[in-house]
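Note on naming: letters A, B, ... go to the chains in the order of the sequence lines (proteins, then strands), and numbering restarts at 1 for each one.
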Protein chains: 2
Amino acid sequence: MAKVSQTQRLRDLLEDAIIQGRYPPGGRLDPEALEREYQCSRTPVREAIQQLAMSGMVRVVPKRGTFVTQLSVAELVERFEVMAELEGMCARLAARRITEDELMGLREAHEACRRMAAAGDANGYYYENGVFHQRIYEASHNHFLAQEASRLHAVLQPYRRMQLHMRHRLERSLTEHEAVLTAIAEGDGQRAEAEIKSHVQIQGERFNDLVASVQQLQQTGSD
Amino acid sequence: MAKVSQTQRLRDLLEDAIIQGRYPPGGRLDPEALEREYQCSRTPVREAIQQLAMSGMVRVVPKRGTFVTQLSVAELVERFEVMAELEGMCARLAARRITEDELMGLREAHEACRRMAAAGDANGYYYENGVFHQRIYEASHNHFLAQEASRLHAVLQPYRRMQLHMRHRLERSLTEHEAVLTAIAEGDGQRAEAEIKSHVQIQGERFNDLVASVQQLQQTGSD
DNA sequence: TATACAACATTTGCATACAAGATATAGATG
DNA sequence: CATCTATATCTTGTATGCAAATGTTGTATA
């Protein structure tokens with residue numbers, strides 16, 4: 001049943017690897033290494049890379065090579081701004097449209113986050129946090145919106161990860177989730193939107209943290 | 001200077017053709033015909049089509065061929081819902097961030113729309129309307145947002161076109177533009193957002209018009 | 001006449017060869 | 001020692017061949 005093309009397989013694998021930070025932002029993707037690693041020719045590699053480029057995960061610098069997208073601070077701010085808006089829209093719609101089953105699923109995702117936060121497991125939280133947000137996207141009952149939100153979320157994942165390792169970020173994040181969940185459960189779209197926007201937005205000290213992280217990343221990646 | 005790859009050239013050409021309705025939604029894209037028409041081999045054609053598929057302009061039905069995307073009513077509603085949100089965000093930001101020069105450009109675009117409406121030139125209006133919206137995207141000073149808005153705008157163009165041919169739609173549209181422009185000029189982000197949202201959103205009778213148009217289109221395309 | 005099976009055509013995915021453009025490096029010359 | 005140039009190498013872009021999967025068509029038989 002899982003009869004997928006090499007191109008698709010490669011694309012998914014690379015995407016996961018990038019999201020999980022196994023290919024660091026700014027790092028070069030060597031086509032020949034990928035050919036050997038995945039036992040295929042240039043064509044699937046090339047196509048997978050093109051598709052990743054389309055979705056913004058990698059950047060192709062003509063005649064220089066393809067690199068994992070390394071967003072500048074300015075580009076990151078732009079994307080977080082849009083992400084906040086999209087998530088806000090998802091939450092607003094979800095508050096109106098979520099089903100009982102979906103609400104249960106969302107609560108479960110929240111509880112999973114709570115367990116990870118309690119255990120101080122940043123990586124585990126990182127994963128469950130993604131599930132929580134994904135559930136909200138889907139509860140918007142706008143498939144296209146959910147898809148776009150997921151795509152942008154994926155691009156931002158490597159940077160979110162850095163945020164989550166910041167001190168006390170887990171507890172704060174969890175508290176914010178709580179507020180979002182409550183608003184959605186009560187069907188209060190306005191509040192759900194406002195809560196998740198402030199959850200996603202990079203503001204105050206977190207902005208400085210982000211700048212610091214990115215700069216460190218760019219130091220590391222440039223050798 | 002314009003040293004672009006065949007793939008890119010083909011992609012842009014096809015995209016334009018689809019946006020301008022020269023390839024009708026639901027219509028099949030014959031790879032061999034494209035090879036001959038653009039004097040190239042299968043590879044660039046294949047890659048261009050893949051990229052268009054990624055951006056949602058065409059759909060590949062396995063072993064059947066690739067077809068210009070024909071959105072169902074449900075899919076259209078979803079996309080217009082997102083479009084309204086993105087445009088709303090653009091307008092809100094533009095109200096705060098627009099420069100004097102950009103504001104002049106926006107006024108000019110609006111005047112161009114007015115001339116076309118006065119002349120009853122629906123196609124001309126259709127074009128200038130695109131310029132007007134594009135200027136707002138750019139005035140948001142969020143390049144990523146502008147890019148995403150443009151992309152979605154492009155996908156929806158064929159369907160907007162149908163709307164513009166509706167009776168009195170031009171004048172209504174112009175009046176709504178006026179309201180948006182005023183709000184932006186006054187720096188009133190909230191109002192600008194609200195105005196452009198109601199301008200973009202498909203509501204009331206326009207929803208029925210849209211359904212009718214799409215159904216007619218699907219009749220025509222299926223023979 | 002309808003159904004099933006087989007041959008055929010189309011489409012897609014993958015590999016590979018070839019060409020062109022750009023960069024880097026090394027050598028030569030000022 | 002620096003700079004310019006030429007060559008080599010690396011990367012991307014394009015063409016094309018081949019094979020596999022699937023859809024289609026036609027024919028034969030019940």
So does Ser41(B) get a side-chain nitrogen or oxygen closer than 4.0 Å to the phosphate oxygens (OP1/OP2) of dA15(D)?
yes
Side-chain N,O (Thr7(B)) to OP1/OP2 (dT14(D)) below 4.0 Å:
yes
What's the closest nucleotide to the side chain of [X] if the choices are [options]?
X	options	result
Arg46(B)	dT12(C), dA15(C), dT11(D)	dT12(C)
Pro44(B)	dA15(D), dC14(C), dT12(D)	dA15(D)
Arg42(B)	dA15(C), dG13(C), dT12(D)	dG13(C)
Arg64(A)	dT11(C), dG13(D), dA24(C)	dA24(C)

Describe the nucleic acid contact of Arg9(B) in one word from base, sugar-phosphate, nothing, applying a heavy-atom distance below 4.0 Å.
nothing
Atom CZ of residue position Phe67(B) - does it have more than 12 heavy atoms of other residues, nucleotides or ligands inside 6.0 Å?
yes
Would one find more than 12 heavy atoms of other residues, nucleotides or ligands at under 6.0 Å from atom CZ of Phe207(B)?
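No, not enclosed.
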Is any side-chain N of the basic residue among [X] and [Y] closer than 4.0 Å to the acidic one's carboxylate O?
X	Y	result
Glu15(A)	Arg9(A)	no
Glu193(B)	Lys197(B)	yes
Arg97(A)	Glu138(A)	no

Could you say whether Thr43(A) or Val61(A) is positioned toward the 5' end of DNA chain D, judged by the nucleotide with the nearest heavy atom to each?
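The answer here is Val61(A).
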Between [atom2] on [N] and [atom1] on [X], what's the gap in Å once rounded to a whole number?
X	N	atom1	atom2	value
Ile49(A)	dC14(C)	CD1	C1'	16 Å
Phe67(A)	dC10(D)	CZ	P	15 Å
Glu32(B)	dA9(C)	CD	P	14 Å
Leu34(B)	dT14(D)	CG	P	15 Å
Gln39(A)	dC14(C)	CD	P	14 Å
Lys63(B)	dT25(D)	NZ	C1'	18 Å
Glu47(B)	dG13(D)	CD	C1'	8 Å
Leu29(B)	dT12(C)	CG	P	11 Å

How bent is the helix from dT1(C)-dA30(D) to dG30(C)-dC1(D), comparing axes over its five end pairs at each side, to the nearest 10°?
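One end's axis against the other's: 0°.
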Quick one: do the His133(A) and His153(A) side chains pair a donor with an acceptor below 3.5 Å?
no
Identify the two heavy atoms, one from Ala122(A) and one from Leu170(A), that lie closest to each other, and give their separation to 0.1 Å.
CA-CD2, 4.1 Å
